[in-house]
Each structure stands twice: as C-alpha cells, then as structure tokens.
Amino acid sequence: MQDRWSRLTAPLAWLMGLALVAGLGVAMPARAENEYIRVEEHVARHPEQRALMAQFAEQVRAPAVPLATPPETPVRIAVVYPGLQTSDYWRRSLVSFESRLARLDIPYELKAFFSRPSVDVDLQAKQLAEALAWEPDYLVFTLDALPHKRIIERLLARGEPRLILQNITTPLAEWQGHLPFLHVGFDHAQGTRLIADWMLERADQRGKYLMLYFTPGYVSRMRGGTFAAMAADYPEVEQVAAFYTDGDSDQAYRATRRTLEAHPDLAMIFASATDVALGALRALREAGREETVLLNGWGGGAAELEALAAGGLDVTAMRLNDDNGIAMAEALKLDLSGQARQVPDIFAGDIALITRDMSPGAIERLERRAFRLSEPSSESP
C-alpha cells in the first residue's frame, strides 16, 4: 500500500511551479457570471441539499454536543488563510473553529499559515506546499485568484486531504461532479444586495458613484459585480470610475482622491472590503466629504463597527462571523462519526444589515451573536 508521504510529496513540484507563475502577477480574468452556481440554483439542481443545509444550520446554531467516540489520535488540520488584513474575519474564523472543536471534544493538531490577500499568491502556494508536506487530514483554503483554482483542482483530483473551501458559497460549474468536502462562508451577493438596496434608496436612485473592487477575481465579481448590476437598473445612477485596489487601503485612498477631484459631485462609493472602505474613508475625511458621500463597509468586523459608530461608514453587511468556524468544526464532527453524507455541499451563514441609523443596543446584540466564540469573554457554545 502506498504510504501517505509519497502521496503527499508528489504534488510539491507543481505547487512550487505555481508559486513562480503567481509571482508574475497572473490574475483571474473576467468570466461569465454562470461560471459560479448560486446557492439557490445549486439547491434546485440537487433538491436533497435543502434538508441537509437546514439541518446543518440548526446544528451550527445549537450548543455543542461532544463527539461520542473521539478518535484515538488527533486529527491534523492545515489552514492557509489570506488573513493579514484589517478585517478580522479570518482571525475570528480560526478562533471560533478551534473553540468549537474543543467543545466537541475533538482532539486535533492545527497548523495555520497567513498571508496578504492578492499580493501574496506566490507565498500562499509555498505555504500550501508546506501544509501538504505535514500530511493533514483536513485542509482549509480559499478561492479567489486563478492559481488558487489550479491548485484546488489538483487536490480534488487526488481526493485527499478533505478540502474545505472558505469564503466561497457558490460552487464552480465545472466542479459539479467532484465538489470539495464543504463550501463555507457567507454569500457575497446576498450581502451586497442588502447594501445596494439601502444605498440606492438613500441616494434616491440617482447620482454618480465610484466602484472600488478588491482584486480581479471571485470576491470582486460577487460583490462589486452585484452592486454594479443593481445600480444599472436605474438610469440616473452613473458609475464614473472603477479601480482594482488589491484590497490595499492606500490604493483605495488614492483612487478615491483622484475620483473626488474629477467628480466633485460624487454621491456614493461602493467598497468591496474592509481595508478598501477604510482607505476611501481617509480620503473622504481629508476632503471634508464624509457627510455628503455614501460609503459602505463589507463584513461588519470590529474596525468597520468602530468607523460606523464614529460616523465614517454609512452601512455594512455584517457576517455573523463565528458561524463560519463553528460550521467547519461541526462538519469534522459528522465526518469523524461516520456521517459525512450529512455534511451539505454549502454552508452560507447569516448576514445582517447594519446602518448608521441603528441603535447601539441593536448593534451590540448582533455583535454578541456574531462573535459569540471569538471574543475573549465569550462563554456560550
């Protein structure tokens, strides 16, 4: 029988090759929207998923029930995250994941690798190679840039380790016959629709807006693309500029300053991520325009909530963040108890709209639910 080491070291050469390709700045090209299958469409194609998703969501919301028969040896979990950013999404996900694993009495060893989004694609490939050499049972990764897709396809073809794709809830159409173990996260399009409805109504469905994308890839298409499509329904709403920012606050700041100079009557800015929003906010404050230009956040983490409380942001889509990590832990529990078929293809956590008009008490209640395991004082399961 082929040993695990030989199976896991075989792909290291092509992973390192992808690191070199990524270093050339290859970006995922724009593609048709139907490349990804939305949650509702996936359920329509696979009706059995509806009940699985509902049952699993209840399991995530409920208190932890320890695993009846824990494995004799710790399971190995490798996590490769683009978590070096102002948004606390990735860090909180990891904390809630480990906290729920402990409450489930699942013995585990975990290695986490962090990098910057977009600009560290080559580093991510190297980190992934190191993670695979460690022989994990489960790998948590993400999908945004083209090199990610190539790596994931190789892992799917091998069938091990069990692959959890985080921050993506829309399976790729071409992977329908061979899906990852779990897609987990929050629906980018759903959150953006909440933001767009509020912003467009507040602007009376008219005015100029600036589009600040993340990086060329999945998140930009799901967030920025959704907002642009909704804004296009209103003839008096005009997109006057659009920039890819690589999720970098300074790039967003410069893009916003340039647009304000060219369009003093700018009415709205759609920001695709936390760092992007904070960079735009800095430019608005310097120009004395934070009261006259609508600006959103995306995610509802601590930095965004602070900016919203200070009057800098107008609205955000708040992920009930810790559901993300809890869902991954519960999926492992089902797998380890021989119930892998009870793990749905997709877990999309709840999203709540937070606006500048909401009371502090209402926001605090959402915070307690969203960060119920990732806050140091959290006690609930």
Side-chain angles (χ1 to χ4, degrees), residues 22 25-33 35-36 82 84-87 89-90 115-121 142-149 167-170 185-196 199-200 207-232 237-260 262-263 266-284 293-301 303-304 313-317 319:
V26 176
M28 182 180 285
R31 294 186 180 183
E33 185 70 14
E35 176 186 5
Y36 298 98
L84 298 181
Q85 50 184 293
T86 303
S87 171
Y89 166 72
W90 298 100
S115 60
R116 295 172 298 170
S118 177
V119 295
D120 282 345
V121 176
T142 190
L143 170 64
D144 192 49
L146 181 58
H148 292 168
K149 180 173 179 288
N167 204 33
I168 171 172
T169 60
T170 51
F186 301 86
D187 190 329
H188 302 284
Q190 176 197 3
T192 300
R193 285 193 291 268
L194 294 174
I195 292 169
M199 290 183 74
L200 292 169
K208 297 177 179 180
Y209 79 93
L210 163 64
M211 172 62 69
L212 294 177
Y213 289 110
F214 190 59
T215 185
Y218 174 75
V219 171
S220 288
R221 289 206 292 278
M222 292 294 114
R223 295 183 185 177
T226 297
F227 186 92
M230 293 180 67
V237 175
E238 178 188 3
Q239 182 186 113
V240 294
F243 297 88
Y244 284 107
T245 65
D246 290 333
D248 180 76
S249 181
D250 289 336
Q251 289 192 46
Y253 164 79
R254 291 192 294 270
T256 303
R257 285 203 56 171
R258 186 185 312 173
T259 306
L260 288 171
H263 302 279
L266 191 72
M268 292 178 284
I269 298 173
F270 180 81
S272 293
T274 298
D275 292 73
V276 177
L278 296 180
L281 176 57
R282 180 155 52 102
L284 289 177
V293 178
L294 293 173
L295 174 65
N296 70 288
W298 216 111
E304 287 190 9
L313 294 183
D314 297 288
V315 61
T316 189
R319 297 173 283 217

**OP:** Considering non-hydrogen atoms only, spot the tightest contact between Asp314 and Val293 and give its length.
**Re:** OD2-O, 3.7 Å
**OP:** Of all the heavy-atom pairs spanning Ala255 and Leu212, show the shortest one and how long it is.
**Re:** CB-CD2, 3.8 Å
**OP:** Please report the C-alpha distance between Tyr209 and Leu294 in whole Å, then the side-chain angles of each, then the deciding distance to 0.1 Å, and finally whether the side chain to side chain contact (heavy atoms under 4.5 Å, CB included) criterion is met.
**Re:** CA-CA 9 Å; Tyr209 79 93; Leu294 293 173; over 6 Å; no
Original post:
Under 3.5 Å, is there a donor-acceptor pair linking the side chains of Thr142 and Tyr218?
Top reply: no
**OP:** Quick one: list whatever passes salt bridge (charged side-chain N to carboxylate O under 4.0 Å, His left out) with Asp275, sequence neighbours left out.
**Re:** none
Original post:
Roughly how far apart are Tyr36 OH and Arg221 CZ, rounded to 0.5 Å?
Top reply: 4.0 Å
**OP:** Mind listing the closest non-hydrogen atom pair of Ala252 and Ala280 along with its distance?
**Re:** CB-N, 4.1 Å
Subject >> Parallel, tilted or perpendicular: ring planes of Tyr89 versus Phe186, cut at 30 and 60 degrees >> reply: perpendicular
Subject >> Interatomic spacing from CZ in Phe243 to OG in Ser272 - rounded to 0.5 Å >> reply: 13.5 Å
**OP:** Can you see which heavy atom on Met211 is nearest to which on Gly224, and at what distance?
**Re:** CE-O, 3.3 Å
Subject >> Shortest non-hydrogen contact from Phe214 toward Ala273 >> reply: CD1-CB, 3.7 Å
Subject >> Any donor-acceptor N/O pair, Ser249 side chain to Val276 backbone, under 3.5 Å >> reply: no
Subject >> Heavy-atom closest pair, residues Val237 and Met268 >> reply: CG1-CE, 4.2 Å
Original post:
Out of curiosity, Ile269 CD1 to Thr256 OG1, how far, rounded to the nearest 0.5 Å?
Top reply: 4.5 Å
Original post:
Would you say Asp246's side chain and Thr215's backbone share a donor-acceptor pair under 3.5 angstrom?
Top reply: no
Subject >> Listed partners of Arg282 passing salt bridge (charged side-chain N to carboxylate O under 4.0 Å, His left out), at least two apart >> reply: Asp250
**OP:** I would like to know whether Thr192 and Trp298 meet side chain to side chain contact (heavy atoms under 4.5 Å, CB included); could you show each step before the answer?
**Re:** CA-CA 8 Å; Thr192 300; Trp298 216 111; 3.1 Å; yes
Original post:
Can you tell if the side chain of His263 reaches within under 4.5 Å of the side chain of Leu210, non-hydrogen atoms only?
Top reply: no
**OP:** Start with the C-alpha gap between Leu313 and Glu304, add the side-chain angles, then the distance that decides, and say whether side chain to side chain contact (heavy atoms under 4.5 Å, CB included) holds.
**Re:** CA-CA 7 Å; Leu313 294 183; Glu304 287 190 9; 4.0 Å; yes
**OP:** Check whether any side-chain heavy atom of Asn167 lies under 4.5 Å from a side-chain heavy atom of Arg319, and answer yes or no.
**Re:** yes
**OP:** Please round to the nearest 0.5 Å and tell me the distance separating atom CG of Asn296 and atom CG of Leu194.
**Re:** 11.5 Å
Subject >> CE-CZ distance between Met199 and Phe227, expressed to the nearest 0.5 angstrom >> reply: 5.0 Å
Subject >> Point-to-point distance, once rounded to the nearest 0.5 Å, from NE2 of His188 to OG1 of Thr169 >> reply: 6.0 Å
